[in-house]
Every structure is written in structure tokens, then in C-alpha cells.
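Read the structure below first, then the notes.
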Amino acid sequence: MLYFVPIFIPTLNTPMLKNLVIVESPAKAKTIEKFLGKDFTVKSSFGHIRDLSKKKLGIDLEKNYKPEYVVNSDKSKVVDELKKLSKDAEIIWLASDEDREGEAIAWHLSEVLKLDPKRTKRIVFHEITKTAIEAAISNPRSININLVNAQQARRVLDRIVGFEVSPILWKKVKPSLSAGRVQSVAVRLIVEREREIISFKTDNFYKVAGLFQGDARLKAELNSRMSTREEALNLLEQCKSAEFMVSDVTKKPSKKSPAPPFTTSTLQQEASRKLSFSVGQTMTIAQRLYEAGHITYMRTDSVNLSATALDAAKEVIVKEFGDKYHKARAYKTKAKGAQEAHEAIRPTYLDRQKISGSSGEQRLYELIWKRTIASQMSDASLEKTTATIDISNSKSKFIASGEVLLFDGFLRVYFESSDDEGEETTKDLLPPLKAGDKLDAVEIIATERFTQRPPRYTEASLVKKLEELGIGRPSTYAPTISTILARGYVVKDDRDGVDRKYQVIQLKKGNITENQKVEVHGAEKSKLFPSDIGMVVNDFLVEHFPKIVNFNFTASVEKEFDDIAMGNMEWTTMIDRFYKPFHKDVEKTLKESDYTKGERILGKDPKSGKPVLVRIGRFGPIAQIGESEEKDGEKPKFASLLKGQLIESITLEDALELFKLPRTLGDYEGKDVVVGVGRFGPYVRHNSKFVSLKKTDDPITITIERAIELIEEGRQKDREKYIKVFENDPDTQVLNGRWGPFIKHKGNNYKIPKGTNAHELTHDECLKIVENQPATNGRKGKSAARKKSK
DNA sequence: CAGTGAGCGAGCTTCCGCTTGACTT
């Protein structure tokens, strides 16, 4: 008998790996590796490693909605590496976030890497500290498949909505449009807000304020508004002969408490209000701070601070401001659908009040530091004083109010801004007063005021609203805004204010005088406006898919995802119940709805008597005189709408103005100066050269002087366009572009390496750069450009 | 910088959530 003795040959080329830990982010991997020691290798999956196919629906409707997952090409490298490492590892620790998406990442990893369940452990930790990670390691569990299924339901539902509704828009409205559970609601909010603004009727009223003299001077406001000018005049008339007496003085203590630490959405809001950052800017800067190790993770909906952070905050506050400024506080996350996988956004080291970096990084960091520290500080305490001043011959009363800050508390470092556009009334200390004091009226002024229309959304206030509705996630707020801007549903724009007259009635020394004053009102900066296409698409969706664009749709499906996560429902059952009626709506809409142009008839053209209408044309919104089907043999006339004009709200007069373009302004250097509106907006044409009008110019009202200014500006730019041309090689040039100098060679563009002076480039150096660099497309490579932007 | 959806027509576009670079005319 022969015995085979097994021989173990140690694999020399691949040293046995004891522990492989996989997390989502490389920055997180780096910090964790430090805590775990040499027996642990920590790698990152860079988020999800696979997804439904980009091109196809990727869901088998015949096989009970079976998802067809693919590893994206930009993830194959990561996946290959993890595969290799996991083969050699004794134990694989899946340490992605504890929420739905994190669980799915762990599951996809175990599927794709074909992990052996016996060697695979699922762990979660809530903060990145040695103790928390060690605790997690000693409490492993297995993958929670119910939670994974809730994620699959979420993913499949979003794919079905997006990929079945978008193509309807391509057919019925315009190619390349899109619809989705999140973006379509975001657009709806903006469209509906604009309609509220369009239909808003301003009301006027009179606010009455008095300046009184007792032992000292004080200001007071009338306790009621006067609704008409007559009423205001009457009151002032009465005040002429009235006596004023303090009837009551009340002092009341009050408190102010700090706001909770930052989440993604509150950081975006405050950075927008205090630093004027866009939502995208805030996230890019926060990402850099995170990668540099300055702050905790920036995509979170949690307001929780770790125990170590609380200790550190206390230490800083006590040291900097003293004991009585510290108050330990725990905050609860109230956002709908919050998943609390992370901490709030806070400085990693709270004893660092400032960091080095770009000015944006420094300012954002400081904001985060202040907010975090303030959240662990004492209340501010105030004393509010209210004095009532009676008018002897009227029931109305004047109210004077003042405020004293008794203890500043958290206000010492931070106060939260608000979105309110209304005028802030700063309250000061009142002079000493007591009931029975007689006062003289120095002057009493009634000022005409106006009711405020609802405000337009900023990027940040839209995020706030979406979060309140439970729509979208911290990782998607910024991309959602980019999407609705990219589709052209929404534009971010400024508006100049317009002059508004208002009446001021003054009573002084027994005389009543009346003045008219002018104020600028309605100016807007970086606000979100709906476009015509945004409004048309919104109306189309509201009509045919009311359920999808309902503000509560996400909240109601979230409930069902929770049921799935609890194991109370099969995910495919939930999807089936949604899909069956939804798909019927899809087919019905495809069959029955018309091509949508958003047409609106404004009236009749006084010259020809033909109807004037506005609608969406092939190249954007247009005004049209006459019917498209030529009854009298005459073709209709067309004119593009100007920026800021909406099909919804344009007047007949404004539309008729458009037909006056293009118009000749006059003569310059013996050639006509013509203003018109073309493919790229309003322009001035002179000597067959085109110059675009600036944002503040209006083609309807522009003067010849201004037009000449623009022509000269254009010439100046042309002169600066060419940095270098080479006599014997017309194919190679150094040009000045939007992003600085670049090399143009045979229709392609090439970047100039950093640190190179473009003005000193020789012909040979240019060709060298061209050779060593892949061409970025010039104007020809349209398809290549599209592919690159994925 | 013109045109203003059926003058012929292939093939393309699109979702939401996780994550970082690569790269922008």
C-alpha cells in the first residue's frame, strides 16, 4: 500500500494575508489602517463596485425583476485588486456603512469577489476611533439580506421610473430630456414657486413708527398696520392733538440656543448664506478638507457627535471661554429617512481653530469649527423689554421694544443665518421707563410698505426643502442640482431690481407732510428660475404621472423599503405592485398624449390681425405671428424669446417688441450697426462681425453708443486672441482661451503644461507638447466630447 | 448667428446613490 503524504509548499510570492478590511473610501481606509496594526490590510471599494447596465434597462421583467448587474469599466481595476487580496486573506472584513447602501456594497463585494462565507465577516462602526473599531471587530455579524433587498428595490424602482419615463419625453417633448423620482420633484418645486410669484398680487399698507422724547429718546412702532393712506392720515391727524403716556413696561427673560452641528444640507445652506458658496463648491472644498484629514466625512445626515469629539469640545470651550460657557448637548436627527451611518460634519481635531489651505478651505473649516464648538456651548440669555405707549385719543398703541444681552453664551462664536429677505430690525436697549411717564412725540412717520411675494429658491434652500420632504440623499443633493441645470429645466440667474415708489407721511411739529420716495426692489442674485422647457416637462409629468411627481411619493416608497428591510415584504412584490399600474400609464401616455409645445395664444397682432402665440420651437421658446398652416399662403413670422422671458408670463406687447429685431441702430465707420437675437443670444453685427451683448444689455433698448462700445471691446479681444503664430506653420498657434492660453494644432487643442510661459513658447516646443499629449477635441469632435462627459 | 418637427434617416439620449479623480475650449 502506498501512502501519499501531503506536502505543503509555502507560497513564497504571495505572503499570506491575515486580515483584509474593505471600506468605501480611501481616506477612511488610511485612518483605520493606522488603528489596526500590521495584521490588517485596509482597502477601499470606492463606493459601489457594480450597478445595473448603463445602456439597457438592466432588469429582467420576465424573470421577476431580476437585476442584471455589471462591474463598470472604471471599477474593474479595484475589483481585480480586491479579488486577488481576498483570495489570500484569512478573514475578509466588510466594513462599509451600516445603512441600506452600505449593506448592498458589502453584498455586492461578497458576490463579485465570491467570498467564502466562513471567512467573511460583516462589521460596522459609528466612529473612527481605536476602541470603536476594536469593538466592531469583536462583534461581527453576517450580511443582512433584507436590508440588501430594500436597496435593490430602491435601485430597481429608480431605474424603472427613469428609463421608462425619460424616453416618453424624448418623443413627446424634446430628445435627451430626463425624468426621475428626485429631479422631477426638484423641478416641480421651482416651477410651482415661480407660478406663485407670477400670480402674486402685491398689497400695500402703512407702517407707523414714532420717535418719542422722555428722559431720553426712543423709537416705537404702532401695534397695528394701517391698511390705507386715508387711515394713516387719520391716525396722524389724531396724533397731532394727542398725549402719549407709558402705560406698561414689561421685562421678560429669554434664551437662545445654538443650532446642531452640521449635516451635509445645513453645511450647504450656511456656506451659501455666509460665504456665498454654491452647493457644488461647498462639497468640493469639504472633500479636500476631508482628504487632508481636517474634518470628518462630509456626506452625512447625522447631527451626532462622538464621545471623543464631545470631550475635545468641552476642553476647548473651558480653556478658551471658561466653565460657564460649556454645556454638553446631544442632538437628535429629525430629517425624514435619515440613515445615521456617520457623525455630523466636524473638525477632526477641535483644538485646531484654523488650518492652512486655500482661502475657501480656511473659511469653510472655520465655519465648521465655530458651528461645532457653539453646539456644545451654553444658551445665550437676554432680557426683552416691552413698553406700551397709549395714545390719549385713539385705541391704537405704540410699542417700544428693546433687548439686552445678559450672557452671550454660544453667540460668542457663532450665530445661524436665515433665508428671510425681510428687513432685519435691530433692537437696542431701551432707556429707563416706567408706567405713567409722559412722552412727547418728536415725529411720527407712516411709511407705505408692500406684502412680499414668496422668495425664489437658491440652490441651498432647494436642498433644504428636498431634505424636509425626505427626497434625495447627502451624496446626491449637489449632483441633482447639476442635473436639472444641465437639462435646461432650471437656470441660475440674477435679476436687477426695479424702482418702486412709496409714500411717506410725516407728522412733525404739528404739521403733516407727504413725500414720495423710490426704492429698488426685487433684485435677485444666484436664484433658480424655471425655463420654459422645465415648465412644459413639469406639466406633462404632473398630468400623466401624478404619482411619481407627488411630493410624498418618496416618503411612501421609503416606508415600503423599510418593510422590506424588516423582512415583512418581498422586494419583488413591492416592485410588482408599483410596476403593473405604472407601466400601464407609460403605454397609455405613449399612445394617447400629443406632441407638447407648451403653446399659449397671447392675442391678435394689431397690424395684420393674425393671432400672436408663444411656444417651444425646435431651438427653444419662440413667438409666432400667424398660424403654422398657411391659410392665406403667407408664412408665419418668428422671433426667439429673450432671456428672462417665459411663455407663461410674457405679454402681447413684449412679444410684439421681439419682431422689431433685427434692427439697424445706425452707422459706424460707414457700415450698419445691427442688433439681433441668434443662436447664441442677442448680438451686435457690424461689418459682418458679431459681438454678443452682455447680460445687462437689452437688444430692444440698446443705444448705438453702447453697441459701438461692444464692437470695440470685441476688436480688443480679437487682438488678444493670438499669442503666437508661426510664419511657416499656419497649422500651429498659441491662442488665448476661456481658461487661459492653449495650443491649437490642426483643429485640435492642447494644454500648455503648468509653469510654462505661453508667450515664450517656440515652434519646436509647441510641437513637442502636441506630440506628448492626447488631443482634446476642438469643434469637430462632437461625439468624442459627448462620450467623455459620460 | 439659420431655423422654428413628419422632405431621407442610423443611432443616440435617460434614473439614484455609493465613491474619487481626470479633465474641461
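Letters A, B, ... are given to chains in the order of the sequence lines, protein chains preceding strands, and every chain is numbered from 1.
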Those residues that, when tested against Glu361(A), pass side-chain hydrogen bond (donor to acceptor under 3.5 Å, both in side chains) (two or more places apart): Arg288(A), Ser358(A)

Atom CD of Glu81(A) to atom C1' of dT19(B): distance rounded to whole Å? 15 Å

Answer yes when Lys30(A) and Glu33(A) have at least one side-chain N-carboxylate O distance shorter than 4.0 Å, and no when they do not. no

Can a cation-pi geometry be assigned to Arg487(A) and Trp170(A), taking NZ or CZ under 6.0 Å from the six-membered ring centre and within 45° of the ring axis? no

Looking at Arg122(A) and Trp107(A), would you say the former's side chain and the latter's main chain have a donor-acceptor pair under 3.5 Å? no

Ile105(A) CD1 - dG17(B) C1' separation (whole Å): 9 Å

Indicate yes or no for a side-chain donor-acceptor contact from Glu599(A) to the backbone of Ile601(A) under 3.5 Å, with no hydrogens or angles considered. no

With a 4.0 Å cutoff (strictly under), does any side-chain N or O of Arg487(A) reach OP1 or OP2 of dT14(B)? yes

Measuring to OP1 and OP2 of dG17(B), would you say a side-chain N or O of Tyr477(A) lies under 4.0 angstrom away? no

Would you tell me if any nitrogen or oxygen in the side chain of Ser25(A) comes within less than 4.0 Å of OP1 or OP2 on dT20(B)? yes

According to a strict under-4.0 Å criterion, is Arg50(A) in side-chain N/O contact with OP1 or OP2 of dC18(B)? no

Within this structure, what is the NZ-to-C1' distance between Lys56(A) and dG11(B), rounded to whole angstrom? 17 Å

What's the closest nucleotide to the side chain of Arg181(A) if the choices are dT20(B), dC15(B), dC16(B)? dC16(B)

Between dC18(B) and Ser475(A), is there an OP1 or OP2 to side-chain N/O distance shorter than 4.0 Å? yes

Are any of Ser178(A)'s side-chain N or O atoms less than 4.0 Å away from OP1 or OP2 of dC15(B)? yes

Phosphate-side-chain proximity, Gln151(A) and dG17(B), N/O vs OP1/OP2 below 4.0 Å: no

Taking atom P of dG17(B) as reference, at what distance in whole Å does atom CZ of Arg299(A) sit? 13 Å

Look at Thr476(A) and dC16(B) and indicate whether a side-chain polar atom (N or O) is within less than 4.0 Å of OP1 or OP2. no

Name the stems with DNA chain B in them: runs of three or more consecutive Watson-Crick or G-U pairs, distances under 3.5 Å? none

Have a look at Asp74(A) and say if it touches a base, only the backbone sugar-phosphate, or nothing, with a 4.0 Å heavy-atom cut-off. nothing

Would you measure the distance from the P atom in dC16(B) across to the matching atom in dC12(B) and give it in whole Å? 22 Å

From CD of Gln287(A) over to C1' of dC18(B), roughly how many Å is that when rounded to an integer? 12 Å

It should be established whether Gln624(A) places a side-chain nitrogen or oxygen under 4.0 Å from OP1 or OP2 of nucleotide dT4(B). no

Pairwise 5' ranking along DNA chain B for Arg618(A) and Met298(A), keeping only the more 5' one: Arg618(A)

